[in-house]
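Take a look at the structure set out below.
All values below were derived from every heavy atom in this structure, side-chain atoms included, with hydrogens, water molecules and symmetry-related copies excluded. Just so it is clear: chains get the letters A, B, ... in the order the sequence lines come, proteins before strands, and each one is counted from 1. Being a predicted model, the structure only gives us computed values, none of them experimental.
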Number of protein chains: 2
Amino acid sequence: MMPEKVTIADVARRASVSRQTVSNVLNSPDLVREETRERVRQAVEELGYRVNQAARRMRTGRSRLLAVRIEQTQDGMNVFDRFLHGLTDSAAKAGYRVILYTADDDRSEIATFDDLLGAYEPDAFVLTGTHYGDVRTSWLAERELAFVTFGRPWGMPEGGAHPWVDVDGAAGTAAATRHLLGAGHRRIGFIGWPEGSGVGDDRRSGWARALDDTGALERRTDGSAAEGEAAARELIAAGATALVCVSDSVALGALQAGPVPVIGFDDTPVAAAIGLTSLSQPLSDAAARCVGVLTRLLEDDSPDKPDHVLLEPSLVIRRTA
Amino acid sequence: MMPEKVTIADVARRASVSRQTVSNVLNSPDLVREETRERVRQAVEELGYRVNQAARRMRTGRSRLLAVRIEQTQDGMNVFDRFLHGLTDSAAKAGYRVILYTADDDRSEIATFDDLLGAYEPDAFVLTGTHYGDVRTSWLAERELAFVTFGRPWGMPEGGAHPWVDVDGAAGTAAATRHLLGAGHRRIGFIGWPEGSGVGDDRRSGWARALDDTGALERRTDGSAAEGEAAARELIAAGATALVCVSDSVALGALQAGPVPVIGFDDTPVAAAIGLTSLSQPLSDAAARCVGVLTRLLEDDSPDKPDHVLLEPSLVIRRTA
DNA sequence: TTGTATGCGTTATCAG
DNA sequence: CTGATAACGCATACAA
């Protein structure tokens, strides 16, 4: 089992067929007689043959590579690594590999698209962190490149023009709010982010929706634990008996403000560590759906409508609620 | 600026030279007259030419790809994503890209090596989580494949036979212990992992080294916060006035045991969030060094001695100490 | 210093 | 259903 390169010609020789037949077995099995097919499969097995992606790509223009930006750990409480793990896993099952890149802003990310396309020709991009006026998606769409976003196209016309996968933040905070309602709370506050962030506004809306009257028990913060604590104090002083938070980070701060139930968002390691009740995003699922959307895009006769997938987060109940 | 494929022939035409000359400018600039070189460079720029890695790989057998396993988030308090971000960044600067894979154990990881080698031919592997009797490194070494480990080859003959980069855990815990000593503490306990883990034993040794007499103030745990708390109670009862911990996870537990100074290890987001003093690994540096080691391996006339790099962690002092 | 010919491994086309 | 041939873009040996 030496690591000698074994090519399609070796397989062909071994199975006593032409190279073309081997290629057909691999790519269009229907064209080949069952018996021959089996013989070739066996030769492939015995020789440990793997298709050389570089050569295939030369011919077909497909690299079986999915490009993804690896995020900066922002406040450290991010959740991206779980998504990335799921993505790598699902991609592998579908015969794709994930290739990574970094970028500091949308502009440099677009420059990297260009680079990557020239050098490695990824079959598709997976974009995260969509936001209002996201120029990345338009750049890719203009060039008719395949991509999916993990995150809705905030601010785009209804539904958005491109495929996306997202988690329903509003459904999450609504569930959290109902949970507190069920525990007898009536004055439930919300600690959020500044207005104008798609994700933040979405999460806020679920809380508002679940309540007949929000009682104006709402504060916006920069997302830090410090501001979370301050906001929590104000809300408690204003009569709040429980708090729903836009993130684990502000929830962590809120916990310092007093002994009221607090629910965070994202179920980060921090939440697990300190026993914070939080909303968990189905990140493996989301990643798998991203891959699903892309394979459909790349392999099926191009779907007429872009896929949109909205998943529900789940409430992980711990000590704080 | 259409995304049309621009090949080396287009550049040659534009610069009024042969394809060969363009190739030379790119790969062996010394062979080409300065003036011509500049002209070619300009054509490359204007056309937005990027070398097609698939074609190059067909010819040279080099893919400019580094393969890395993306870890499962174990207890969630891992630190790998920061390393991976650094690696992607450094690799890009050196003209490499990172390709990801997953694996559940050493055996399946080796199977993946084989797969990857056949399909994408990565130029090198970056291995993390080295341990006693690591079969991955021997598999790669036997085949003379390029790789570096982030983590020492525990249990291998002095220095180890292959290149590695690591962070000096013992130096870290020694610094932590000295910090507590400087604050007047004399009875300083250590909460560790089970004996036999290279990393755990290394971290323990720094604590022992910094103390004349450890006073047997030591407990081993499975690494969970729960066991960390129990261990801390015992140690405090036994007279410990400060604690050094093998991880942030057990440190978090230890904090619940009482108001004694506690120092964790890894400076995870959890530590930052709860104000836990902790030892921070220079992960970007480590990643950059890994890339450095590999480029030397891949591009220089093979170094006679494998590179070994040992970096120092730094103590991040917060409320708990 | 520059140009010409060749092959890397695969798949698409087309003829048997 | 199978086999021959060409082509993808690049880098090298060799000749000019």
Rounded to the nearest angstrom, tell me the gap between atom CG in B:Asp10 and atom P in D:dC8.
-> 12 Å
Residues B:Asp105 and B:Arg107 bridged, charged N to O under 4.0 Å = no
Quick one: is C:dT2 close enough that its OP1 or OP2 comes under 4.0 Å of any side-chain N or O from B:Ser18?
-> no
Mind calculating the distance between CG (B:Leu31) and C1' (C:dG3) to the nearest angstrom?
-> 14 Å
Over how many whole Å does the gap from A:Arg39 atom CZ to D:dC1 atom P extend?
-> 14 Å
Should we say atom CD of B:Glu34 is surrounded by more than 12 heavy atoms from elsewhere, each under 6.0 Å from it?
-> yes
Aromatic rings B:Trp164 and B:His308: how do their planes relate, parallel, tilted or perpendicular, breaks at 30° and 60°?
-> parallel
Aromatic A:Tyr101 / basic A:Arg69 pairing, under 6.0 angstrom, 45° off normal | no
Sugar-phosphate means primed atoms, P, OP1 and OP2; the rest is base. With that split, encode nucleotides 9-16 of chain D 5' to 3' as B, S or - using protein heavy atoms under 4.0 Å.
-> BBBBB---
Reckon A:Arg62 has a side-chain N or O less than 4.0 Å from the OP1 or OP2 of C:dT11?
-> no
Side chains of A:Asn24 and A:Thr21: do they bring a donor and an acceptor to under 3.5 Å?
-> no
Whole-Å distance, A:Glu35 CD to D:dT2 C1', equals 13 Å
Return the minimal non-hydrogen interatomic distance between A:Tyr120 and A:Leu65, and the atom names on each side.
-> O-CD2, 4.0 Å
